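Below is one structure, written out as C-alpha cells; the observations come after it.
All chains are named by letter (A, B, ...) in the order of the sequence lines, taking the proteins before the strands, and each is independently numbered beginning at 1. The structure presented is a predicted model; accordingly, all values stated were derived computationally and were not measured.
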Protein chains: 2
Amino acid sequence: MPSVTVENYLKHLLLLAEETDGLVPMGALSAALAVVPGTVTTMVKSLAADGLVVHRPRQGVKLTAAGRRLALGVLRKHRLVETFLVQVLKMHWSAVNAEAEQLEHAISDTVLDRLDALLGHPSTDPHGDPIPSRLGKLHSQVYATLATCPLARPVRLVRITEQSAEFLQFAEQHGLLPGASARVTDRNLAAGLVTVQRPRGRPLALSLAAAGRILVEPAR
Amino acid sequence: MPSVTVENYLKHLLLLAEETDGLVPMGALSAALAVVPGTVTTMVKSLAADGLVVHRPRQGVKLTAAGRRLALGVLRKHRLVETFLVQVLKMHWSAVNAEAEQLEHAISDTVLDRLDALLGHPSTDPHGDPIPSRLGKLHSQVYATLATCPLARPVRLVRITEQSAEFLQFAEQHGLLPGASARVTDRNLAAGLVTVQRPRGRPLALSLAAAGRILVEPAR
DNA sequence: CCCGCCATTTTGAGTAGTCAAAATAATTTC
DNA sequence: GAAATTATTTTGACTACTCAAAATGGCGGG
Ligand SMILES: [Mn+2]
Ligand SMILES: [Mn+2]
Ligand SMILES: [Mn+2]
Ligand SMILES: [Mn+2]
C-alpha cells in the first residue's frame, strides 16, 4: 500500500497537472509539498522506479496511468471528506481542507463508500471542486474566471480554486460562494484590478490573481 | 506532535495496563503491536527519554502522567470513531476496530468534538468500552464476566473486551450483545467450558477464555 | 560563441522506525 | 547450586524520507 508521502506526491501532481498541462516542473512540486527541490528529485526517481510517474530529467514529471489512478483515489477521498465535514459536521468550508489533508490517508474504501452514500453521491465538494467518481472519472470542465469572463454579463460562481483559509473566509464575507451570482463591472489590466458587483452588495475590488481563482459560468 | 507509532505504543500500553496492573512486560507490548521485542526495547527507551513512560529494565514499562494523558486522547478518538462508524455509517461492529485503528491518528480535536456532539456525547462505544471524557477521565468499572459471575442468576451483558472480527460476529450470531440478558447455567472448570442460556435461545457453550471476554452485571 | 543565472541534480548526512541474530539476565528445573 | 529455559537487551544493518550545500546543465543576453 502506498505511504502517506507517496499519496501526497501523487495527489499534488494530479492537481498541478490540471493547470500545467504537460510536464510538471520539479520546482512546482517542491513548492506544493513544502519540501526542498533535492528531496523531490530523489522521491520522483523512486516513484518512477515504481511505475507511478514518468521523469524527464531537467524537464519535469507526469503521472503514469497507474499513478493517476492512485491519485484520483486520494483526491476522491479528500473531496468527499471535505463534503462530509461541511454538510454533516457543519464545519466551515475554510477549515476542511486542512482536516481532509490528513483524513484522505486514513479512510478505507469501505468507509468512503458509506460516506458517499450518506451524502447522496455528490458531484462537487464545498468549494465546487469536482469529485472523481468511484471509477476514477474526473469531470473537470474548463470555466471562465472573474479575471477572464465577459464584462457586465451576469455570471454564476461555480468553483473557488484556492484553499487558503483566509481567502475562503474573505470570499464568504462578500457572498462569493459557489452558486452565487455576480457581475464584473470593470477590469483594469494595468492596475491588475477587477471590480465585481453582487446583487444587493457594494462593488467589490479584487486583484487579478484573486479573481482568477474564482471560476464562473454564464448565468441562466 | 506525537507520531502514529508513538500514539500506538501509548494507547496499547494504556490498554494493557488495565489488565496487567503494575508494569507491562515488554513481551506483552511486543505482541500487541506485532513488532519484534528488540524494537520495543529501543522505542520504549526513546519514549522514556521523552518522559512518556517509565522503563524498569528487565521488568516492564508503564505510562507516566503525560503518557497517560496522550494515550487517553487517542483512545477517546478510537472509541468515538467506532461509535460514529456504527451509528451513523451503519457499519458492522466487527469491522470498526480496524478502521478506527487508522482514523484515531488522523482526526483533529475539532473534528472529534463535532463528532462527539453529533453522537450525543456517548459514554460507551459499540462494544460497551467506556469512552474517556474530554478531560481524560476514564470510567472503567470492574465487572464480573461470564467466566466468573454467579451461576443461574440472570445477568446483563455490558461489554465485550475482544476486538477480533470473528469473535464479534460469533457473539452477535448468538445474541451476545451489550445490553442483552443471559444466565450461566453451568461452568465446568475441568473442561474449561461455560454454558450460557439466552432468553428464547438454545444453550450455548463457550470456552472459559471466551467467556472471560464478556463482562456482565447482575440483571435488575 | 560565451557568460551568467536559475532550476535541477548530486552528494553527504541525519532521523524515525524496523528486523535478525547474538549477548545477557532472570527464572525454572533438576 | 548448577544447568537449562525464557525474556529482554544489544548490535549491526536496512528502508523511507528529509535537508544543506555543492555540482551541473540549459538557456537567454550580450
Ligand atoms: Mn494529505
Ligand atoms: Mn475542496
Ligand atoms: Mn492505531
Ligand atoms: Mn471498541
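Checking A:Asp109, A:Asp113, A:Asp116 one by one against A:Arg134, the salt bridge (Lys or Arg N to Asp or Glu O under 4.0 Å) holds for a single residue, A:Asp113.
The nearest whole Å value for the distance from the CG atom in B:Leu23 to the C1' atom in C:dA26 is 15 Å. Look at CG on A:Asn8: it is 14 Å from C1' on D:dT18, rounded to the nearest Å. Taking atom CG of A:Leu10 as the reference point, atom P of D:dC17 lies 11 Å away to the nearest angstrom. Look at CE on A:Met26: it is 13 Å from P on D:dT18, rounded to the nearest Å. Rounded to whole angstrom, the span from the CG atom of A:Leu47 across to the P atom of D:dA16 amounts to 12 Å.
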Are B:Glu101 and B:Lys11 close enough, and set up right, to give a salt bridge (Lys or Arg N to Asp or Glu O under 4.0 Å), and what steps lead you there?
CA-CA 10 Å; B:Glu101 201 55 56; B:Lys11 191 194 68 174; 2.9 Å; yes
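Using modelled atom types and a 3.5 Å distance limit, the side chains of A:His92 and A:Glu172 yield a donor-acceptor pair. For the residue pair A:His105 and A:Asn8, a side-chain donor N or O sits within less than 3.5 Å of a side-chain acceptor on the partner. Judged purely by distance below 3.5 Å, without hydrogens or angles, the side chains of A:Asn97 and A:His127 never pair a donor atom with an acceptor atom.
Regarding contacts with the backbone of C:dT8, every side-chain N or O of A:His55 stays at 4.0 angstrom or more from both OP1 and OP2. The side chain of A:Lys45 places an N or O atom within less than 4.0 Å of a non-bridging phosphate oxygen (OP1 or OP2) of C:dT10.
Side chain A:Arg58 to base D:dT24: a donor-acceptor pair is found below 3.5 Å.
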Only distances under 3.5 Å count here; give the side-chain donor-acceptor pairs of residues 67-74 of chain A to other protein atoms, sequence neighbours excluded, each with its distance to 0.1 Å.
none

Pick out the pairs of N or O atoms, protein on one side and nucleotides 15-19 of chain C on the other, that lie under 3.5 Å.
unit_1, atom_1, unit_2, atom_2, d
C:dG17, OP1, B:Ser3, OG, 2.5
C:dT18, OP2, B:Tyr9, OH, 3.4
C:dC19, OP2, B:Val36, N, 3.0
C:dC19, OP2, B:Thr39, OG1, 2.9

